[in-house]
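Numbered from 1 within each chain, the chains take letters A, B, ... in sequence-line order. Because the structure is predicted, anything quoted here is derived from the model rather than measured.
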Amino acid sequence: MGVIVQTIGFGIAAGAVISLGAVGFTVQFGISNVLNITYGAFMTLAAYLGYALLSRGLDVWITLAVVGLALAVASLLFNRVFLAPLQRRGAGFVSLVIGTVAAGIILQGAIVILVGPGAITYGAQFDTTVSGLGFDFTVAQLVIIGLALALMLGLHVLLTRTKIGRAMRATSNNPTVARACGIRTSRITDVTWLLTGFLCGTAGVALAVTTVTFDFNLGSTFLIYMIAAAVLGGIGQPYGAMIGGLVVGIASQFGAAYWSPAYQDVVAFSILIAMLLIRPRGLFAAAGVNRRNLSAA
Amino acid sequence: MSGWEYYAVVLLVYFATFLISAWGLNLEFGVAGIPNFAYIVLVAAGAYTYSVLTLGPSSGNGGFQRYVLGATLPYPLAIVCAGAVSAVLGAVIGITGLKRLRPDYQAMAMLVVSITATTIVIADVGLVNGSAGLALIPNPLHSLGGGSRQAWGYVGMVFGVCALVYVVLRRFSSGPFGRLLRAMRDDEDAALAIGKNVVALRIAVQAVGGAMAGLSGALLVGFIGGWSPSAWLFIETMALLTAIIVGGMGNDWGVVAGTLIVPTLIVQGVQFLPTVGGNPELIPQLGWMILGLLTIAFLFFRPSGLIPERRPVSRVALPAAAPAVRTATFRVPEARAAADASDEILRVEGIRREFGGVRAVDGATFGVARGSITGLIGPNGAGKSTALGIVSGFVRATGGSVRFDGVDITARPPHRRARRGLVRTFQLPREFGSLTTLENLVVAAPHARSESALGVLGGRRYWGREEREITERARALLVLFQMEDKAFERARQLSGGQKRMLEVMRAVMAEPSLLLLDEPTAGLSPMLTERLGDACLELRDRGLSILLVEHELDTIDRLCDTVVVMVQGKVFAQGAMEDLRRSREVQEAYIAG
């Protein structure tokens, strides 16, 4: 019993970070209709930036804000300078994926050249353990869980209670109709890339803090977890991605505890492949809903 | 052997092995449109297969490496086995095509398969020695004794295999089979609609591409003597993709150019540069970055590559004088179930379909008389197109049944319905854009010899005559639709109206006994509408049955023998148009609905 509770605890902590990143990924997909593989490399960038600031003694919250804003701007530029022009040139779905993979390779290469290929050990700094309800969490994990909850709540309020949030949902749902209704979709697109870049940045810092050691491959591996969460929850749907992140986090921790830590990734990857083959619209998608995102043509 | 000689040999062997796998991936991705981002896994499978089949028992050499099998097969046999294993694995991966996901999702699924394979091979050390990988893999030419002779012998062997692979490859990537694969790439749904078994084609192509990957892997590992997960990371597939994009997607010679530039010079070439400073990753990472930049530059500025796919427009010998319409020989199949004397070719019974709570079709029942043109009319949102989708198999019914020629086909997939003679067109024209008008028609002929395994192996001698016959029939149709002057134009360059005409012709080429037309005159000029109407009447007179979704009442008056009126997902009335016109209820439903 103790092991199970403990595993769930680890899963929630891992899932919080996955959810944070996956929500950004899925909202970005909703607005751009592109599977942005570069997202993983951006997360690596955020992790290294976060590490650089924190190891210079900067406060965690300030670091989160600074890195979040930096990535928000980077993400906006990425869309303005790269992705949107490529789309305007009529690049097909696969060409766009290849383009984002290539951009990811360039970004990751730049990171390796700047900081070197060696692994960074960092997470130990927040290692004080807090126990309760049978769970043991490190302070860092609690901070991350709290942060994830706060950001999710903020996102929920934004999407449902504000004009700009409703405009974002409308644009994601059907950009043509949204434009016809007088929504300035280009501005909404900018806001979405800023917002999802911010989520990517905070998730990257969170990942750096909770992962004991990491190297330049951090984001590209973690990307698969985020995509798994996004697909599980129905791609383009932020609430689905939140729950999907938790499910993937807990499932992979169970894989590590009861099978082998070496297969932890395999569990998450298998969930993704199985979902794509069996139920590509996600667990919660009703038939016929969200067809724009998945029709074969 | 001198330094430069060694350098030259290494580059040549890398070039040839990369070329074989780049050709394989180009067949899958460039020609057939399958984004196989797991391709490098198939190369790796070939390399590992060759290794464990030639290394001998893993207890050898003091048992410093662990692996399965451990046989000592003759080298040629081991290389063939490597190709076979990768072919099977490729076909298995091809099954992912069953779900017909959007292509970028397929790419992502493949990417994950690739990373998962790496993770598993690293985690399961007993399989092929984990992340340390295999070493001391024997060179198939080691009997030549090290030195220059062995090295240049290897170059000769690899280039020999390359030439052989090219000959086989062209059987798939050019000619009628290449045309079929390009049709599938350009529009998978349209290929299904004319009766092509898309899933089987994909699996076949991925098996062929897989075999090439396996060969390439075996030849590479036989040369370098070692193989580990770091040699086949996902990024290596990107190198192959970049070579294809730079060279020209779908063009076998473009791939040769791309392979010269990309993997050989950049990825492998930079590894011979000296290491700078304390960062051993600097040089390889720079290589990858150049690769990424090159990809992006080409995607932006020259997406069709250095040597674009410019297939020769096959100006097959056509009869000098256009055949008269009356003597034109295109087939309309005989009624298949003559016993079914009810003379209804199609019977739709209570079909239903909901989209997230909206009942698009709600228990519709109607029939189509053999040899008639039946119109399906109704206000917007009445469920006409959905009903047509259910009849053709593209939309799954949530209830009810569809009987065609006396056979219940409710559960049959679309391509099998088309093969039985139930062929549809789409509301928005879906042409095979890279094929010419004539090729669009020829590719639609069912059961062509050139599409069979024998046809691919036998070549022109096996299918040449039939191909000419099919071309004649296509020509006759072009005359009937008055489009002969567009025969050699690429379909993507046709006007909207011409594309529509093309689609109807293509459907007729698939030898239907019942043709389903979804708003064929939408957006057509009055002249083309007239022409299409003439052609439909002519086809009916020769025994073809037609079910036609239509809005234009004039067209319906002119063409339709019977009319089915749908309102709110249900069939409201069925009968002759003049009777229905007098019915006040129909008038109200149609106008008010």
query = Between B:L294 and chain A, which part of the residue has a heavy atom less than 4.5 Å away: side chain, backbone, both or neither?
reply = neither
query = Any idea which heavy atoms bring A:N33 and B:R102 closest together, and the distance?
reply = OD1-NH1, 2.9 Å
remark   = Interface check, chain A: of B:I122, B:L241, B:I115, most non-hydrogen pairs under 4.5 Å belong to B:I115
inquiry  = If you count heavy-atom pairs within less than 4.5 Å of chain B, which of A:L96, A:I227, A:T221, A:D265 leads?
reply    = A:I227
inquiry  = Tell me if the CZ atom of B:R359 is crowded by more than 12 foreign heavy atoms within 6.0 Å.
reply    = no
key: Toward chain B, the part of A:I106 with a non-hydrogen atom under 4.5 Å   = both
task = Mind listing the closest non-hydrogen atom pair of A:P280 and B:L101 along with its distance?
result = CB-CD2, 3.4 Å
ask   = Given that the side chain runs from C-beta out, which part of A:I273 has a heavy atom under 4.5 Å from chain B: side chain, backbone, both or neither?
value = side chain
note = Under 4.5 Å to a heavy atom of chain B? For A:F82 that would be both
query = Is it the side chain or the backbone of B:T295 that comes within 4.5 Å of chain A heavy atoms, both, or neither?
reply = side chain
query = What class does the angle between the rings of A:F29 and B:Y105 fall in, given that below 30° is parallel, 30 to 60° is tilted and above 60° is perpendicular?
reply = perpendicular
ask   = Do you know the tightest heavy-atom contact between A:R89 and B:F300?
value = NH1-O, 2.9 Å
task = Could you walk me through whether B:F298 and A:I98 pass side chain to side chain contact (heavy atoms under 4.5 Å, CB included), step by step?
result = CA-CA 11 Å; B:F298 270 82; A:I98 293 175; over 6 Å; no
task = Could you grab the distance from atom CG of B:L111 to atom OG of A:S220, nearest 0.5 Å is fine?
result = 9.5 Å
message = Which atoms of A:A110 are under 4.5 Å from chain B, going by heavy atoms: the side chain, the backbone, both sets, or neither?
response = both
message = At a heavy-atom distance under 4.5 Å, which candidate from A:V34, A:V266, A:L86 has the highest pair count against chain B?
response = A:L86
request  = Could you tell me which non-hydrogen atom of A:I105 sits nearest to which non-hydrogen atom of B:M238, and how far apart they are?
outcome  = CD1-CG, 4.0 Å
query = Checking heavy atoms, do the side chain of A:L223, its backbone, both or neither come under 4.5 Å from chain B?
reply = neither
request  = Tell me, out of B:L299, B:T119, B:V358, who's got the most heavy-atom pairs with chain A below 4.5 Å.
outcome  = B:L299
request  = Give the minimum heavy-atom separation between A:A103 and B:I296, together with the two atoms involved.
outcome  = N-CD1, 3.8 Å
Choice from A:G92, A:S270, A:G109, A:A262 maximising heavy atom contacts with chain B below 4.5 Å = A:G109
query = Checking heavy atoms, do the side chain of A:P85, its backbone, both or neither come under 4.5 Å from chain B?
reply = both
query = Tell me, side chain or backbone of A:I37 under 4.5 Å from chain B's heavy atoms, or both, or neither?
reply = side chain
key: pair B:W288-A:Q108: side-chain heavy atoms closer than 4.5 Å   = no
task = Work out which heavy atom in B:G292 is nearest to a heavy atom in A:A102; give both atom names and the distance.
result = O-CB, 3.7 Å
request  = Please look at A:L272 and chain B and tell me whether the side chain, the backbone, both or neither of the residue comes under 4.5 angstrom of a heavy atom of that chain.
outcome  = side chain
ask   = So what's closer than 4.5 Å to chain B heavy atoms on A:V97: side chain, backbone, both or neither?
value = side chain
